[in-house]
Amino acid sequence: MAAQSGKSWVLAVTAQTPTNIAVIKYWGKRDEELILPINDSISVTLDPDHLCTTTSVAVSPAFTHDRMWLNGKEVSLSGGRYQNCLRELRSRASDVEDEQKGVKITKKDWEKLHVHIVSYNNFPTAAGLASSAAGLACLVFSLAKLMNVKDDHSRLSAIARQGSGSACRSLYGGFVKWIMGKEENGSDSIAVQLADEKHWDDLVIIIAVVSSRQKETSSTSGMRETVETSMLIEHRAKEVVPKRIVKMEEAIENRDFPAFARLTCADSNQFHAVCLDTSPPIFYMNDTSHRIISCVEKWNRFEGTPQVAYTFDAGPNAVLISHNRKAAALLLQRLLFYFPPQADADLNSYVIGDKTILQDAGIQNVKDIEALTPPPEIKDNTQTQKYTGDVSYFICTRPGRGPVVLTDESRSLINPETGLPK
Ligand SMILES: Nc1ncnc2c1ncn2[C@@H]1O[C@H](COP(=O)(O)OP(=O)(O)OP(=O)(O)O)[C@@H](O)[C@H]1O
Ligand SMILES: C[C@@](O)(CCOP(=O)(O)OP(=O)(O)O)CC(=O)O
């Protein structure tokens with residue numbers, strides 16, 4: 001390692017990585033340490049304009065140990081999962097040369113050099129919005145760029161997988177499959193892209209962030225308990241998911257929304273059924289989640305063909321995938337009819353992300369929400385009850401691109417002189 005000037009230097013890279021939502025769920029591991037799943041899964045990558053992680057990573061001979069700051073606070077990197085990712089990356093690092101700075105790092109130097117990681121999520125962390133997926137994928141992707149790791153995205157996905165299973169699917173945009181693999185060392189348990197985000201760009205995604213005070217069981221411990229105690233999970237992993245994966249790939253390839261929606265809803269419901277079949281049972285959805293399902297099911301039935309698909313991860317938040325903008329506007333009207341904001345709320349912070357959907361729905365202010373009439377599929381007055389305040393806010397988004405390096409220095413979260421957070 002050399003610097004022509006002889007003085008210390010800091011070399012940094014910044015990247016942005018999306019989050020993803022599974023439409024065929026990963027639930028259950030066959031190897032806890034390597035994070036190897038018991039079935040394949042398929043996800044949609046969400047637009048990083050609305051939900052993403054930005055991570056800057058830096059290396060300098062002046063750094064004394066590996067350090068990480070998350071959303072402005074220093075956090076420990078001592079956890080086994082972070083350590084596994086760092087070890088894997090260091091072992092694959094290559095020579096790096098920065099002529100401008102007069103820096104030369106050899107493959108061997110990486111064993112001794114330390115890194116600083118500064119990361120920021122543009123959405124709530126640990127709130128059931130898959131921050132760990134975007135976060136771990138971004139950590140792996142940005143460090144791989146810094147360390148000149150030559151592996152392709154699929155090989156990098158196998159490293160991100162060891163940080164958090166679902167993170168491996170955030171290495172690609174569009175529609176992504178995590179192949180469970182057969183090898184004991186996990187080398188073939190990787191993510192592959194099924195189609196990019198332009199393949200099916202009519203889809204509109206609305207996330208209802210559901211207010212919840214209850215403490216949730218983490219995905220990691222929840223799926224462990226399911227594998228240990230549920231009899232249904234084996235049937236799901238061996239018999240149900242393999243067939244659904246084939247059908248879901250077909251639905252995505254053919255942009256067959258009815259098939260896509262039926263499979264997505266059925267798989268979310270089965271995932272929550274295996275949670276209920278766990279001992280003691282795990283409840284991730286709450287009454288609000290159930291009301292959203294019921295609203296979508298009634299509307300889909302009324303129309304005779306699915307307009308919207310719903311899916312829920314390990315929490316009460318609903319991810320609603322609409323066939324197109326028109327269906328999304330009609331969905332938003334329904335959601336705002338049932339779940340209006342509190343009297344003092346500001347519409348601007350109640351519906352965030354792509355606000356053009358709100359315009360399509362003809363809603364400019366809170367008065368327009370009050371004026372919404374019950375949807376036509378409602379036949380009697382008992383179903384027109386409103387649940388003010390049960391949804392915290394809505395995020396309007398769409399399928400999005402995979403990780404990118406941000407070359408604009410002003411986007412870096414690291415001070416180029418000190419190597420500390422800006
Ligand atoms: N940007 C990030 N960089 C590195 N690690 C992150 C980042 N964001 C989140 N994490 C890690 O993920 C953890 C949160 O994961 P957790 O599974 O609890 O929540 P979530 O992923 O937001 O929600 P869920 O898994 O229920 O969808 C954080 O405590 C942190 O360890
Ligand atoms: C319900 C899920 O979101 C579960 C995600 O589990 P995690 O990837 O968070 O679990 P670990 O691998 O233990 O970190 C379904 C999915 O994303 O496929």
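If you read the sequence from its start, that first residue is 1, and numbering goes on from there. Only heavy atoms go into these numbers, but all of them, side chains included; no hydrogens, no water, no symmetry mates. This is a predicted model, so every value here is computed, not measured. Numbering of ligands and ligand atoms starts at 1, following listing order.
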Part of [X] within contact of ligand 1 (heavy atoms, under 4.0 Å):
| X | answer |
| --- | --- |
| Asp313 | neither |
| Trp69 | neither |
| Leu129 | backbone |

For the residue pair [Y] / [X], report whether a side-chain donor-acceptor contact shorter than 3.5 Å exists.
| X | Y | answer |
| --- | --- | --- |
| Arg169 | Ser41 | yes |
| Asn121 | Thr53 | yes |
| Ser154 | Asp152 | no |
| Arg81 | Asn84 | no |
| Asn39 | Lys25 | no |

**OP:** State plainly whether the residues Arg236 and Asp267 are in salt-bridge range, i.e. N to O under 4.0 Å.
**Re:**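 Looking at Asp267 together with Arg236, the answer is yes, because their closest N to O distance falls below 4.0 Å.
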Original post:
Does some non-hydrogen atom of Ser218 fall short of 4.0 Å from ligand 1?
Top reply: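 For ligand 1, residue contact (heavy atoms, under 4.0 Å) with Ser218 is absent.
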Original post:
Quick one: does Gly128 get a heavy atom under 4.0 Å from ligand 1?
Top reply: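 In this structure, Gly128 qualifies as a contact of ligand 1 - some heavy atom is under 4.0 Å.
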**OP:** Under the side chain to side chain contact (heavy atoms under 4.5 Å, CB included) rule, what do Leu331 and Ile357 come out as? Steps first, then yes or no, please.
**Re:** CA-CA 10 Å; Leu331 170 67; Ile357 306 295; over 6 Å; no
Original post:
If you measure every N/O of Ser131 against every N/O of ligand 1, is any gap under 3.5 Å?
Top reply: yes
Original post:
Can you find an N or O of Ala133 that's nearer than 3.5 Å to an N or O of ligand 1?
Top reply: no
Subject >> side chain to side chain contact (heavy atoms under 4.5 Å, CB included) between Ile21 and Ile207, intermediate numbers included >> reply: CA-CA 10 Å; Ile21 176 74; Ile207 304 172; over 6 Å; no
Subject >> Option passing side-chain contact (heavy atoms from CB on, under 4.5 Å) with Lys107 (candidates Val96, Asp95, Asn148) >> reply: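 Per the side-chain contact (heavy atoms from CB on, under 4.5 Å) rule, the option paired with Lys107 is Asp95, out of Val96, Asp95, Asn148.
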Tell me which protein heavy atom sits closest to [atom], plus the residue, atom name and distance to 0.1 Å.
| atom | result |
| --- | --- |
| atom 27 (O) of ligand 1 | Ala130 N, 2.9 Å |
| atom 19 (O) of ligand 1 | Ala126 CA, 3.2 Å |
| atom 15 (O) of ligand 1 | Ser132 CB, 3.4 Å |
| atom 8 (N) of ligand 1 | Asn121 ND2, 3.0 Å |

Subject >> Under 4.0 Å to a heavy atom of Ser119 - the qualifying atoms of ligand 1, by number >> reply: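 The atoms of ligand 1 under 4.0 Å from a heavy atom of Ser119 are 1 (N), 2 (C), 3 (N).
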Original post:
Under a 4.0 Å heavy-atom cut-off, which residues neighbour ligand 2?
Top reply: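 Answer by chain and number: Ala22, Lys25, Tyr26, Trp27, Lys29, Ile35, Arg81, Ser164, Gly165, Ser166, Arg169, Ser219, Thr220, Met223, Phe271, Asp313, Ala314.
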Subject >> Best match, Tyr82, Phe123, Tyr120, Tyr284: closest heavy atom to atom 5 (N) of ligand 1 >> reply: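 Result: the heavy atom closest to atom 5 (N) of ligand 1 is in Tyr82.
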